[in-house]
Every structure is written in structure tokens, then in C-alpha cells.
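Only one structure is covered here, and it is reproduced in the block below.
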Amino acid sequence: MNVFSAFKANIEKEIKIMIANGDLPDDTNSSRVSVELPRDPSHGDLSTNAAMVLAKPAGLKPRDLAETIAERLKAYDSVESSEVAGPGFINLRLSDNFWCQRLIEILQAGTDYGSGELGQNRAVNVEYVSANPTGPLHVGHARGAVVGDVLASLLAKAGFAVTREYYINDAGGQVDVLARSAYLRYREALGEDIGEIPEGLYPGEYLKPVGESLVARDGDKWQNADEVDWLPEIREVAVDAMLDLIRDDLGVLGIAHDLFSSERALVEAGAVDTVMKTLEADGLLYVGTLEPPKGKLPDDWEERPQTLFKASEFGDDTDRPLMKSDGSWTYFASDLAYHQDKYQRGFPVMIDVWGADHGGYVKRVAAGIKALTGDEGELDVKLCQMVRLLENGEPAKMSKRSGNFVTLRDLVEAVGKDVVRFIMLTRKNDAPLDFDLVKVREQSRDNPVFYVQYAHARCHSVANMAQDAFPGADFTTKSLIEADLSQLTDSDELALIRALAAWPRTVEGAAEAHEPHRLAFYLYDLAAAFHALWSKAREEPGLRFVIADDQELTRARMALVRAVQTVIASGLGVMGVTPVDELRE
RNA sequence: GCGCCCGUAGCUCAGCUGGAUAGAGCAUCGGCCUUCUAAGCCGAAUGUCGCAGGUUCGAAUCCUGCCGGGCGCGCCA
């Protein structure tokens, strides 16, 4: 249960009754009513602005209306107290029993707790990584990969039908460069001395196996052939090899896309031409000349008429070119076709995860989607800022085995998949992120991965201790549901339960806002609440989870501990991080 | 020059789509520590939320204009 939306529903029900009674006007609009957590816990468990929002249109005084609503809410069993405060807030305190019910709910649901109906099975497409298939993934890709993957899992958890997609940019000049680079390695594999890899080609050794496999397959067939003959063949082999490489890299991060979409296939199927015809028919294309870009002027700038899309009519700053001077389509043109294709495949909501250096591109794609879908298609681009690799605050000097960048694989091998995934979510996607290879392995409170994992491990360990204390006792989840939870009365115990009960709302909020980082922050806060209770028991032994001579109390507390363990596991599950039962190495 | 993102405690950052006295970790200061499992624990202090206007019952949050930082700016993807 999302406690907040449940009470919002209750309040809306009361508003309807008040309208029927004539206490509120017929046209009362409750859309701005919200139920939230009071900043100060002493104000209660829940707080609503209903009276303040509704009073003015109804011609009532906020506090008077608040009194009326507050009085009505007192009738609910779950409401312990209902008070008016400040300018007209209604503060609700819910009964201990209500919170204990949430505990039972968690134990019954297991790690499915927090899964919701928000999405109502609506289709959402999350496109992420989409790195050019020209080499291994590097650290920068890792962030977008995690953000996209966890966002997808989060949306799935919230009830959306999610497709994880990778767009393969296999139609541009970059893959031709790849093909030429692979061709060199092919000649090398045939025994030629190829010397230094020329400037402009990919020097990475990861292309050597491609050259070797070409020799194994085709022998010296291409050795003296013209480029026009070998390029398409070798390009295809090389791109496939690079995609295998990328899939492997993503695999070590625990990521598997549902769908790889090829730009080349799209272009060859005529999708771009179709889009152009559509735009043409709508009068959105023309041949014109753009102003030279301000700031840095490209060396080879010359004025030239181009086929332009009227992006400025859809919110972009200027119109955008669709055709290169050699007559081929620009990347933007095929990108329009790609997004229209996604839309037509049944995805009105499209989320793209890009690097921040593509920020200048958002408006034109959004404009294109608007033009092509008549405002029906919705695009949200999540831009991921840079990741700075550090070692104890200093720029990291990791060994770089593959060319001149740190690969995703190097990073995962250095600190592990779980650490990479968690740390990548410790910042909003649009803020730069410092990834300190030393700090993320520290066992301390300022290492969030450790802190959260430690909470989970501690739950596991406490359960073992309880079992040792009461060897014959039944502490299975099924049994814990039957425990007498009214014995959980300490303020910190109840605070912990409230924190647990906030999980469904966290999932919904994060899913709605497309902000997966909120999960990491929630788990950190939850872990803190759990550790705090643990620490408190050092001062007050009566609060220990395991009470040697009181099996029933221990059972109730085990229910709480099991619930903490469950919610942490649920959260880590969405993040793709494996919860650990032990931290010993 | 234009566009996008950012500006919150000494530092690194949250702030739940407009709510009440703006939060956490680190650092600082003062106590405690022969422990159910190992991160030590408890407490204190710390703010013109970049600046100035505006919108409203109410603004860190929305609008406008400045200041400062990052990224980008026709045939690269």
C-alpha cells in the first residue's frame, strides 16, 4: 500500500461527501490536494494541504475548512489523531496498529513489496547505452548504462511494460572507419607488416581477433581487393564483433537489452524516406541556408543551401539540416526515422539516456517527434554528466589495456559490478559524479554501498543470533507474520516501520519522475534508521532485537528485522545489486 | 552570441514536482566505548538556498533579468 495515495483517496472521498452535503461547492477541484510527510515528525505521520487549496475557491477560511475535514478524518480507525496546524495544514497521526499492518504487508509481499499499478501495464521504451559499435565500452558509458537499466527496472516495478532498447549507429562514417581499421588487422593477420596504425583509424588491439577471424573465414580473398568491394563485408563482420564485445561488457554489469535496433536496417528499409515524405507533405521541409554557427567557426565553413526541417516551429532554436552535401542523410534524419519507428511500434513514451555532450540535440529530436506524432509522442531525455575516476581524491591512474581510455570492464574488475551499479546512482543523472576507487571499498558510513549492504547483512546475522538463542523457535517469515507486533512500541522501532512503509511511495515517485537515483538515497536513509535502532540498543539493552528470556518479543522484533531485510533486498533488486548476507571477505 | 544543465553548511551532496523552524555524510568542537557482528556511539555548532525582482495564503522549488561554472552549437555519430 502506498500510504500517501491511500489517504489522498480517503480525503477525496470526504471531499465528495462534503460536496454532496453542500459544505463545498459543486465545482470543487481537488487535483491540487496532496498528502505528504511533515518535515517535522512531531507534526504527525501525514500532512495534507487540502484545506488551504480548497478554501479560497469555496470562499471559506482555510482553518475553518481544515477543522471540518480534520473532524471527518477522525472517524477512520487508522487515524489516531487529526489536528489543524499552522495556516491550515491537517496533520494525521496513524495508529500503531496501522503501521504494524504495513509490516505484515511487507512480510507477505516479500521483495515484491513496493511493486505498483502506477504504470497500468502501459508501454515505455527506455533506450540506453547505444554506444557506437566501434570498440569496448568505457567508464562514461557505464553511467548511462546503469541509469538506463535501473530506470527500466524501476518502471517495471511501478507497473509499466518496459522495453530496454539499444540503438546501433551502424550507418554512419564511424563504422566505415571501423571497417578500415579491421581491414588493417586483417592484412596483419595475413602476415603483412602494417606498421603504425594511421591517424584517424582505431588503434585498439581489440580489432586483432576480428582480422584473424576474417582470415579464417575468407582467407586472402580481400587482400588485393578494392575498398568498395571489401568494405561492406568487413564492416558487417566488424560491427557484429563489436556488438558481441559490447554485449559482453554489458553482461559483466548485469545488463541485457531486450532489443538491438539497427540504424542501417532502418535506413535500408526506407524508413528515412518515409519520414521525409511525411514531413514534405506537411510542409515542414524546405531548402535553405543556415546562419554560420556563432562561437567557434568550423574551418571548412562555407555557405550552402541544405534540406532543412522546420524544427523552429516545434520549439527548437533554429531549423535543422537533414541531408549532407554528398546527398546522404544526416544522423538527425535517421534519428527522426528511428523515433518515429519506436512510436509506431507502440511506444508513446520514449526515454533516451544520453551523454551530456549530446544536450544540444534534445530540442531538435523533441521537435521532430512533435512534428511526426502530432504531439502524441512523449520524449524524455536523461542526460548523464561526466564520471570522474579518482583514487583517494586524486585523478585515478588505472592501467589502460585497451587504447587510451579506462574501459567499463576494467572498472568492474577493479571494484565489482554491485559497487559500480550503486555508486552510479548516488548522484542525479544531470550532476557530475566523482567515482573514488578507494573510497568505494572503504567500510565506513560515507561509503553508501557498504552502509546499505551492511544493514542487509546485519539483518541476516541478527536472525541467526535469534535462532541460536531459541533453537527450537520458528522464525520463518510465515511464522513472523503471526507475531504479536503490538510489542513494537519504541519510537525508533515505529520510525523504522514508517521508513519501510515509505518504499512504495518512493518507487512511484522515482518512476514518475524518471529518477532512479532516489532509490539509492532511500536505501541509505533506511539503512541509517536501522543502524540507529541497533546503536540505541547499546544504551538500552531492552531494545535489543534478541531478548534472551522473551521469545515472543524476539519474534516481533524479528518480524521488523525481516521486513528491513526484505525492503533493502527489494530496493537493491531494482538497482540490480545483489544483497549480501555477509560482509566478511 | 545562442541553447541546455548546474549554483543549497567549510567540503561532497539530498530536498519526495509549491508547504510549516531548509536536511544528511565528511570536517570541527564536547562527551562516551571490555560490543546481539565488524560502519564506533551520543550531542553541539554551522546557512543572505548565487543576486534582484515577480507570481501566491506560502518559493530552495514556478516566471523574468542579471552574476558565476560546465557542456554543446551546419555536411561527427
Side-chain angles (χ1 to χ4, degrees), chain A residues 4 32 34 36-40 43 47 49 52-53 55-56 62 85-89 91 130-132 134 169 171-175 263 289-296 298 300-304 306 308 316-318 320-332 334-335 355-363 383 385-386 426-428 430-432 434 442-448 450-451 454-455 457-458 461-462 464-466 468-469 502 505-506 508-510 512-513 515 517-518 521-522 524-525 527-528 531-532 534-539 541 544-548 582-584:
Chain A
F4 297 85
R32 285 184 61 217
S34 69
E36 41 208 288
L37 197 66
R39 203 172 283 280
D40 186 341
H43 288 145
S47 169
N49 63 353
M52 289 181 290
V53 175
K56 197 174 185 183
F89 288 102
N91 292 327
S130 299
N132 290 335
T134 55
N169 297 130
Q174 308 245 356
V175 284
E263 179 188 6
T289 309
L290 287 174
E291 295 281 305
K294 310 286 197 232
K296 265 187 295 181
D300 57 347
W301 166 262
E302 58 180 81
E303 200 171 275
R304 174 185 299 131
Q306 291 174 294
L308 300 171
D316 201 356
D317 310 307
T318 175
R320 301 294 181 179
L322 294 165
M323 195 180 278
K324 303 179 194 173
S325 53
D326 66 3
S328 64
W329 298 116
T330 60
Y331 178 75
F332 176 50
S334 54
D335 218 6
D357 53 341
H358 292 63
Y361 211 76
V362 175
K363 275 192 183 180
L383 295 176
Q385 285 286 351
M386 296 255 108
T426 53
R427 289 284 174 274
K428 291 182 285 204
D430 48 17
D434 285 350
E442 268 174 20
Q443 300 205 339
S444 76
R445 187 168 181 162
D446 56 344
N447 175 4
F450 169 76
Y451 199 60
Y454 185 24
R458 181 170 262 174
S461 143
V462 168
N464 286 342
M465 286 188 295
D468 289 347
R505 187 187 195 223
T506 302
E508 283 187 15
E512 239 168 352
E515 290 186 350
H517 74 277
R518 289 192 199 176
F521 285 91
Y522 168 80
Y524 184 81
D525 289 344
H531 292 309
W534 171 277
S535 302
K536 195 174 176 185
R538 290 175 57 168
E539 304 288 319
R544 292 182 175 194
F545 294 118
V546 179
I547 302 294
E582 275 191 27
L583 285 167
R584 283 199 187 86

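Keep in mind that what you see is a predicted model, and the values were worked out from it rather than measured. First the proteins, then the strands, lettered A, B, ... as listed; each starts at 1.
Where A:Asp525 and A:His531 each meet RNA chain B at their nearest nucleotide, the meeting point lying more 5' is that of A:Asp525. Comparing A:Glu263 and A:His43 against RNA chain B, the residue whose closest nucleotide sits nearer the 5' end is A:His43.
At a threshold of 4.0 angstrom between heavy atoms, the contacts of A:Pro62 with the nucleic acid are absent. Residue contacts for A:Ser535: at a heavy-atom cut-off of 4.0 Å it reaches a base atom on one of the strands shown. In this structure, A:Arg458 reaches the bases: a heavy-atom distance under 4.0 Å links it to at least one base atom across the strands shown. Within the 4.0 angstrom heavy-atom criterion, no nucleotide atom of any strand lies near A:Arg320. Using a 4.0 Å heavy-atom cutoff across all strands shown, A:His517 reaches sugar-phosphate atoms only and no base atom. Here A:Tyr524 lies in heavy-atom contact (under 4.0 Å) with sugar-phosphate atoms only. No engagement by A:Lys536 is indicated, since no non-hydrogen atom pair under 4.0 Å with the nucleic acid exists. Contact annotation for A:Tyr451: base contact, defined as any heavy-atom pair under 4.0 Å involving a base atom. A:Ala85 comes within contact range of at least one nucleobase, with a heavy-atom separation under 4.0 Å. Using a 4.0 Å heavy-atom criterion, one finds that A:Ala55 contacts no nucleic acid atom at all. At a threshold of 4.0 angstrom between heavy atoms, the contacts of A:Asn49 include nucleobase atoms, whether or not backbone atoms are also involved. Across all strands shown, A:Gly173 has heavy atoms under 4.0 Å from sugar-phosphate atoms exclusively, and none from any base. Residue contacts for A:Ala356: at a heavy-atom cut-off of 4.0 Å it reaches the sugar-phosphate backbone alone, with no base atom in range. At the heavy-atom level, A:Asn91 lies under 4.0 Å from base atoms of the strands shown.
Contact of the A:Asn169 side chain with the A:Asn132 side chain is registered, since non-hydrogen atoms from C-beta on lie closer than 4.5 Å. Looking only at side-chain heavy atoms (C-beta outward), A:Pro448 and A:Tyr524 come within less than 4.5 Å of each other. Under the 4.5 Å side-chain criterion, counting only non-hydrogen atoms from C-beta, A:Met323 is in contact with A:Trp329.
When only modelled atom types and interatomic distance are considered, A:Thr134 and A:Gln174 share no side-chain donor-acceptor pair under 3.5 Å.
Regarding A:Arg427, its CZ atom lies at a distance of 16 Å from the C1' atom of B:C5, rounded to whole Å. Atom pair A:Asp434:CG and B:C26:P shows a separation of 18 Å (rounding to whole Å applied). Atom CG of A:Asp40 and atom P of B:U21 are 10 Å apart (whole Å). Between the CZ atom of A:Phe450 and the P atom of B:C26 there is a distance of 13 Å, rounded to whole Å. In this structure, A:Tyr331 atom OH and B:C76 atom P are separated by 13 Å, rounded to whole Å. Protein atom CG of A:Asp430 is 16 Å distant from nucleotide atom P of B:C71, rounded to whole Å. Atom C1' of nucleotide B:C5 and atom NZ of A:Lys428 are separated by 10 Å, given to the nearest angstrom. In this structure, A:Leu290 places its CG atom 9 Å from P of B:G74, rounding to the nearest Å.
Across all strands shown, B:C73 forms a Watson-Crick or G-U wobble pair with B:G1, both key distances being under 3.5 Å. For B:U21, there is no paired base (Watson-Crick or G-U wobble, both distances below 3.5 Å). The partner of B:G68 is B:C6, judged by Watson-Crick or G-U wobble contacts that both fall below 3.5 Å. Pair assignment for B:A45: none, as no Watson-Crick or G-U wobble contacts are both less than 3.5 Å. Searching all strands for a Watson-Crick or G-U wobble partner of B:C16 with both distances below 3.5 Å returns nothing. Look at B:G53: its Watson-Crick or wobble partner, with both distances under 3.5 angstrom, is B:C63.
With B:C13, B:U17, B:G3 as the candidates, the nucleotide lying closest to the side chain of A:Asp317 is B:G3. When the nucleotides B:C5, B:C57, B:C76 are ranked by their closest atom to the side chain of A:Gln385, B:C5 comes out on top. Counting only heavy atoms from C-beta on, A:Arg304 has its side chain closest to B:G74 among B:G74, B:G3, B:U17. Here the side chain of A:Tyr454 is nearest to one of B:A14, B:A77, B:A38, namely B:A38. Closest approach to the A:Pro321 side chain among B:C76, B:C4, B:G74 is made by B:G74 (side chain taken as heavy atoms from C-beta onward). Minimum atom distance to the side chain of A:Ala431 is reached by B:A14, of the listed B:G19, B:A14, B:G74. Of the candidate nucleotides B:C4, B:A77, B:C16, B:A77 has the atom nearest to the side chain of A:Tyr361.
Taking atom C1' in both B:A20 and B:U12, the straight-line distance is 28 Å, to the nearest Å. Going from the C1' atom of B:C16 to that of B:A60 covers 14 Å, rounded to whole Å. When the P atom is compared between B:C42 and B:A22, the two are found 23 Å apart, to the nearest whole Å. Distance check on atom C1': B:A59 versus B:C51 gives 16 Å, rounded to whole Å. If you take atom P in B:U8 and the same atom in B:U61, they sit 14 Å apart, rounded to whole Å. The same atom, P, is picked in B:G54 and in B:U17; the two are 27 Å apart, to the nearest Å. Rounded to whole Å, the separation between the P atoms of B:U35 and B:A9 comes to 40 Å. Using atom C1' as the reference point in both B:G19 and B:C62, the two lie 14 Å apart (nearest Å).
Smallest separation of non-hydrogen atoms from A:Asn91 and A:Ala85: ND2-CB, 3.5 Å. A pairwise comparison of heavy atoms in A:Phe89 and A:Ser47 identifies CD2-OG, 3.6 Å as the closest pair.
Cation-pi contact between A:Arg505 and A:Phe4: present, with separation from the ring centre below 6.0 Å and deviation from the ring axis of at most 45°.
Below the 3.5 angstrom threshold, one finds no donor paired with an acceptor across the side chain of A:Thr330 and the base of B:A77. Not a single donor-acceptor pair, N or O on each side, falls under 3.5 Å between the base of B:C33 and the side chain of A:Arg538. The base of B:A77 is not paired with the side chain of A:Asp357 by any donor and acceptor separated by under 3.5 Å.
Between A:Lys363 and B:C73 there is no side-chain N or O to OP1 or OP2 distance below 4.0 Å.
Aromatic ring orientation, A:Tyr361 versus A:Tyr331: tilted (interplanar angle from 30° to 60°). The aromatic rings of A:Tyr454 and A:Phe450 lie parallel to each other, with less than 30° between the two planes, well short of the 60° mark.
Using a 90° window around 0 for the glycosidic torsion, B:U64 falls outside it and is classed as anti.
B:A20 has A:Phe89 stacked on its base ring, the centres lying under 5.5 angstrom apart and the planes within 30 degrees of parallel.
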